[in-house]
Amino acid sequence: MTAQDDAPHKTLLFVNIAHALDHFVLLIFPTAVIAIAADLGRDYGDLIWLTTGAFVAFGLFALPVGWLADRFGRRALLTAYFFGYGTACLAVAGSTSLPMIAGSLLMLGMFSAIYHPIGSAMIVANATKLGRALGINGVWGNMGAALASGITAALAATLGWRAAFIVPGVILIALGIAFVALVRDDTMTGKKGSASHSLVMSRQRLVWLLLAFMMAILAGGLTFNIVTIAMPKVIDERLGFPIPLALTGWITTSIFVCGALTQITVGRLIDKLELPLLFVAMSALQAGGLLLAALTTGVPMAAGLVLATAAIYGQVVLNDAMVGRYVAEEFRNRFYSVRFFVGFTVGGLAVPLISILRGHGGFQEVLLVSAAVATVILICALATWALVHGRTEPATAPAE
């Protein structure tokens, strides 16, 4: 294998590691805050709200990333991600007051927002098998999120809470140095297998397609956050018999792992099946799984959550693949920015919505509303299939 042939593999490796760290670092504070409260002599409730800025920035600052990438290049933006995210971690570790912690966490969220629009575009630019690459990348991100709590707790318990931020901060900066040294370009030239497909349709149909797809992303961001945030308590209240908290956590983790592994399967299907048809199947599975969970308790309820989670995680990969396949290269950075801005920002409504619905009708109402939102996704998927079916062809030349 020549150095030129090996370059895309190096790029994808850095992109995958960046995805794992993106989710890992964002979830350090919710665990470390327990030790921070003891160290600073403050109440947990006084501190947990400090992370609000990070999660708001995570969605909000995704919007301008695509335009910045068009101006400075994806490689430059991912370099800024490694160094900026690492520096933000060190800033949190060095904070000595609540305003300093809040400001550092806001900085953390701003740099974390760089990854998803840039990482997704770089995968499309370098993957020979787009679906497989997106599926593997999704698993890296989910594993980063899954490991965050345990590793953070271990570091905070043995070395103090500041070490929980210092260690990943140093790792990120070291990765930034390695990325600059080893990756000279962010695009594989002359690749085959993941080329865009032009949409052969009228401008009016393209507008309707865009509206359907963005509505699906909006609804998908909401169901994703509702299910992932509410699941531990749903299992606790609706499993039908009392179980220890630790077992509740392991059941929840097992369901999330099933969802993460589904992304590899969906990635392989993306390389073999028509994307709009797969979109319909995933959205139907999501709506059906949530409805089953809402109308049952016990094992059938848990089975419904497994189906819904698998479909939700699979759709994340599918959404990125559809952008990669159907959006022209010159617009892809910006489209990914809008896609993640919409999904992450609307997903922030999940917490108050869960609180309101649970207070009104319990978690059955939460799940029923989630199923209704998932039905909106299914309608959008059917509309997408009707608009796209038979109207795509490989793009042999840039659009005029």
Side-chain angles (χ1 to χ4, degrees), residues 18-68 77-78 80-119 141 144-145 148-149 152 155-156 161-169 172-173 218 221-222 224-226 228-229 336-355:
H19 194 195
L21 286 169
D22 195 46
H23 290 286
F24 181 97
V25 170
L26 267 183
L27 294 176
I28 292 175
F29 190 81
T31 298
V33 68
I34 299 171
I36 296 172
D39 182 43
L40 299 182
R42 304 297 294 260
D43 183 70
Y44 172 88
D46 294 335
L47 295 174
I48 192 61
W49 68 269
L50 296 176
T51 195
T52 302
F55 286 102
V56 171
F58 184 54
L60 186 63
F61 282 88
L63 187 59
V65 168
W67 281 264
L68 290 173
L77 265 290
L78 194 61
Y81 161 84
F82 282 123
F83 285 107
Y85 212 22
T87 301
C89 285
L90 299 180
V92 177
S95 298
T96 55
S97 66
L98 265 60
M100 287 180 67
I101 294 174
S104 298
L105 288 172
L106 176 63
M107 178 183 173
L108 200 76
M110 291 171 61
F111 282 102
S112 71
I114 294 174
Y115 174 75
H116 281 88
I118 296 305
S149 181
T152 298
L155 287 171
W161 70 266
R162 297 181 192 278
F165 287 97
I166 291 173
V167 171
L172 279 160
I173 292 173
L218 186 152
L222 195 57
F224 183 96
N225 277 24
I226 289 175
T228 54
I229 292 171
Y336 273 125
S337 288
V338 174
R339 173 251 193 277
F340 288 110
F341 167 75
V342 171
F344 291 150
T345 303
V346 173
L349 299 175
V351 173
L353 189 60
I354 291 170
S355 178

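What you see below is based on every heavy atom in this structure, not just the backbone, and it leaves out hydrogens, waters and symmetry mates.
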Exercise. Return the set of residues passing ring-ring contact (aromatic ring centres under 6.0 Å, His included) with Phe82 (not counting sequence neighbours), or none when no residue passes.
Key: Phe179

Quiz item: Is the side chain of Ser337 donor-acceptor paired with the backbone N or O of Ala62 at a distance under 3.5 Å, no angle test?
Solution: yes

Side-chain donor/acceptor pairs under 3.5 Å, residues 100-110, sequence neighbours excluded:
unit_1 : atom_1 : unit_2 : atom_2 : d
Ser104 : OG     : Ala91  : O      : 3.4
Ser104 : OG     : Ser95  : OG     : 3.2
Ser104 : OG     : Met100 : O      : 2.9

Exercise. Answer yes or no: is there a side-chain heavy-atom contact under 4.5 Å between Leu68 and Leu77?
Key: yes

Quiz item: Which distance, rounded to the nearest 0.5 Å, do you find between the CZ of Arg339 and the CG of Leu63?
Solution: 14.0 Å

Practice problem: Could you list all the salt bridge (Lys or Arg N to Asp or Glu O under 4.0 Å) pairs where at least one residue sits in residues 26-38, not counting sequence neighbours? | Solution: none

Quiz prompt | Ala163: side chain to side chain contact (heavy atoms under 4.5 Å, CB included) partners, not counting sequence neighbours | solution = Leu159

Exercise. Report the relative orientation of the aromatic rings in His116 and His19; use parallel for angles under 30°, tilted for 30 to 60°, perpendicular for over 60°.
Key: perpendicular

Practice problem: Decide side-chain contact (heavy atoms from CB on, under 4.5 Å) for Val167 and Leu155; before the verdict, give the C-alpha distance in whole Å, the side-chain angles of both, and the deciding distance to 0.1 Å. | Solution: CA-CA 9 Å; Val167 171; Leu155 287 171; 4.2 Å; yes

Quiz item: Which heavy-atom pair separates Arg162 from Val92 by the least distance, and what is that distance?
Solution: NH1-O, 4.5 Å

Quiz item: What residue pairs, at least two apart or across chains, pass side chain to side chain donor-acceptor pair (under 3.5 Å) with a residue in residues 80-91?
Solution: none

Practice problem: Search all heavy atoms of Ala93 against all heavy atoms of Phe165 and return the closest pair with its distance. | Solution: CB-CB, 4.0 Å

Self-check item: Nearest atoms (heavy-atom pairs only) where Trp161 meets Ala35
Solution: CB-CB, 3.9 Å

Practice problem: Taking the side chain as every heavy atom from C-beta outward, state whether Leu90 and Ile173 have any atom pair closer than 4.5 Å. | Solution: yes

Self-check item: Side-chain heavy-atom pair Leu78, Tyr115 within 4.5 angstrom cut-off
Solution: yes

Quiz item: By ring-ring contact (aromatic ring centres under 6.0 Å, His included), which residues pair with Phe224, not counting sequence neighbours?
Solution: Tyr313

Quiz item: Closest heavy-atom contact between Ala164 and Ile28?
Solution: O-CD1, 3.4 Å

Self-check item: Point-to-point distance, once rounded to the nearest 0.5 Å, from SG of Cys89 to CZ of Phe29
Solution: 13.0 Å

Practice problem: Would you indicate whether the side-chain heavy atoms of Val25 and Leu172 approach each other to under 4.5 Å? | Solution: yes

Quiz item: Hey, does Leu98 have a side-chain heavy atom less than 4.5 Å from the side chain of Leu40?
Solution: yes

Quiz item: Which class fits the ring pair His23 and Phe58: parallel under 30°, tilted 30 to 60°, perpendicular over 60°?
Solution: perpendicular

